[in-house]
Amino acid sequence: MASGAASPRSPPAAKKRAVVVAGDGDDSDVFDRLPDDIVLVVLSRLAANAASPADVASAALTYVAAAAAALFFLLFPLGVVFVRRGEEISHGCARGRRCRRFRELATHPAVLSRASAAAVAVRWGAWSEAAHRFLRRCAAAGSLHACYFLGMVRFYCLGSRATGAALLGRAAGGGHAPALYALAVVQFNGSGGGKADKDARAGVALCARAAWLGHTPALRELGHCLQDGYGARRDAPAGRRLLLHAAAREHLSWKKHNHGHHDGSAAEDAVSRFMVAWWDSHRAKAAARGCLPGEHGDGEHDGGEDLRLCSHARCGRRETRRHEFRRCSVCGAASYCSRACQALDWKRAHRAQCAAARWLAAAAAAADGVAH
Ligand SMILES: [Zn+2]
Ligand SMILES: [Zn+2]
């Protein structure tokens, strides 16, 4: 069962060890008798199905503990495993050689390339050079989720636009829908470049590809573009149909989320959470230093004092140049990276805030009139 599944996926470089039925020598351990390719298959499956962010610092050890349990239950019925009386499987991990072997296997490119969206979703609080290195290794091994996550963090948070865009491009080229949509937003805004770099047609093409792959925000964006005739020929009825379709999909995915399902949006949610927390901390640091930032700026001394965050509270994108994002045409106070963010925020919060802002402005004008 296990070895049958192992052979087609086994990387050529993996050292093969013969499976020997247990009982040979005191120092032997169940892991010693397992060939590398079987361990790699189990670790790859664990990486692909990881449901929570890996604690990056101890990722290898976490995998080892889980793999020990998985291997035990996988192989015990085959009679391959022989556990000496009183010996715990995990006991072997304490021995340096086995520990090293498993660390090597757990960070093997074959395992890292299968990392799930949740496995690479580093929390902002856990961000460190080690986390950055872990994501780089996963991305280099070919994990599209890691390419997307690291691409977004580099592009928007670290300001490394070229390498960020290249990573997003790699994920998009592999058919990663959130990465396609992220590049569409970059094209619509000309992010990382000047106003002249806006390319609405390219944005629409990327959105269409992402929407075709089932990405709901891209479908919504496409609907707005068709309605407004932005980057595509104006077709209001078709735009409305796409928006209805997007609303229906959103409702379905909300129901799925509530039943504990995971879909492609996990990577996107994780990136947004990371970016929102990143800018929150920048704002807090700036406030602690006493240089109060503008309402939307982050106040960091990176020339970003006047750059606004997307007003959709769960987006986390920040302008890459002044006046990059579109403004709410009613109040002018809210900025959005995309039509999709604007529409979502309008439904979620801004409808009330915008009306309140208008009412306050009207009241102030009236008070002014009375005073004069
Ligand atoms: Zn407004
Ligand atoms: Zn946004």
Side-chain angles (χ1 to χ4, degrees), residues 124 148-149 151-157 159 161 164-165 168 177-192 198 200 203-204 206-207 210-211 215-225 228 230-231 243 246 250 264-265 267-280 282-283 294-298 304 306-365:
W124 170 81
Y148 168 68
F149 194 97
M152 290 294 278
V153 169
R154 285 218 180 141
F155 192 90
Y156 285 104
C157 300
R161 317 273 185 226
L168 288 174
L180 282 160
Y181 177 65
L183 284 178
V185 173
V186 166
Q187 293 290 352
F188 282 131
N189 294 315
S191 308
K198 287 186 180 188
V204 165
L206 286 160
C207 265
H215 192 262
T216 308
L219 188 62
R220 178 184 295 283
E221 192 73 38
L222 203 58
H224 285 296
C225 286
D228 301 353
Y230 184 70
L243 289 175
E250 207 154 71
S265 64
E268 207 156 28
D269 293 346
V271 162
S272 290
R273 270 198 305 276
F274 183 97
M275 296 198 300
V276 166
W278 176 278
W279 297 123
D280 276 353
H282 272 232
R283 241 197 313 254
E295 194 189 347
H296 297 275
D298 73 302
D306 298 323
L307 300 178
R308 292 169 160 233
L309 285 173
C310 177
S311 296
H312 178 34
R314 291 186 199 144
C315 172
R317 284 177 177 83
R318 194 181 73 155
E319 289 180 328
T320 59
R321 63 169 189 281
R322 289 185 65 190
H323 308 308
E324 175 184 328
F325 288 171
R326 49 193 293 109
R327 302 277 170 104
C328 168
S329 57
V330 179
C331 66
S335 335
Y336 299 100
C337 71
S338 58
R339 285 165 171 72
C341 270
Q342 182 166 16
L344 281 177
D345 190 50
W346 179 257
K347 274 200 283 187
R348 202 188 57 87
H350 193 61
R351 190 183 351 221
Q353 293 162 354
C354 192
R358 251 185 324 175
W359 181 81
L360 281 174

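Index from 1, following the sequence. Start at 1 and go down the list; that is how both ligands and their atoms are numbered.
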(request) Using the six-membered ring of F325, assess whether NZ or CZ of R308 lies under 6.0 Å from its centre and within 45 degrees of the ring axis. (result) no
(message) Test of geometry: compute the angle SG(C328)-the Zn ion (ligand 1)-SG(C354) and round it to 10°.
(response) 110°
(message) Rounding to 10°, state the angle centred on the Zn ion (ligand 2) that links SG in C341 with SG in C315.
(response) 110°
(request) Tell me whether C310 has at least one N, O or S atom under 2.8 Å from the Zn ion (ligand 2). (result) yes
(message) Could you check whether any side-chain N or O of E324 sits under 3.5 Å from a backbone N or O of E319, counting only pairs where one atom can act as donor and the other as acceptor?
(response) no
(request) Report the distance from atom OH of Y156 to atom CZ of F274, rounding to the nearest 0.5 Å. (result) 15.0 Å
(message) With rounding to the nearest 0.5 angstrom, report the SG to CZ distance, C157 to R317.
(response) 11.0 Å
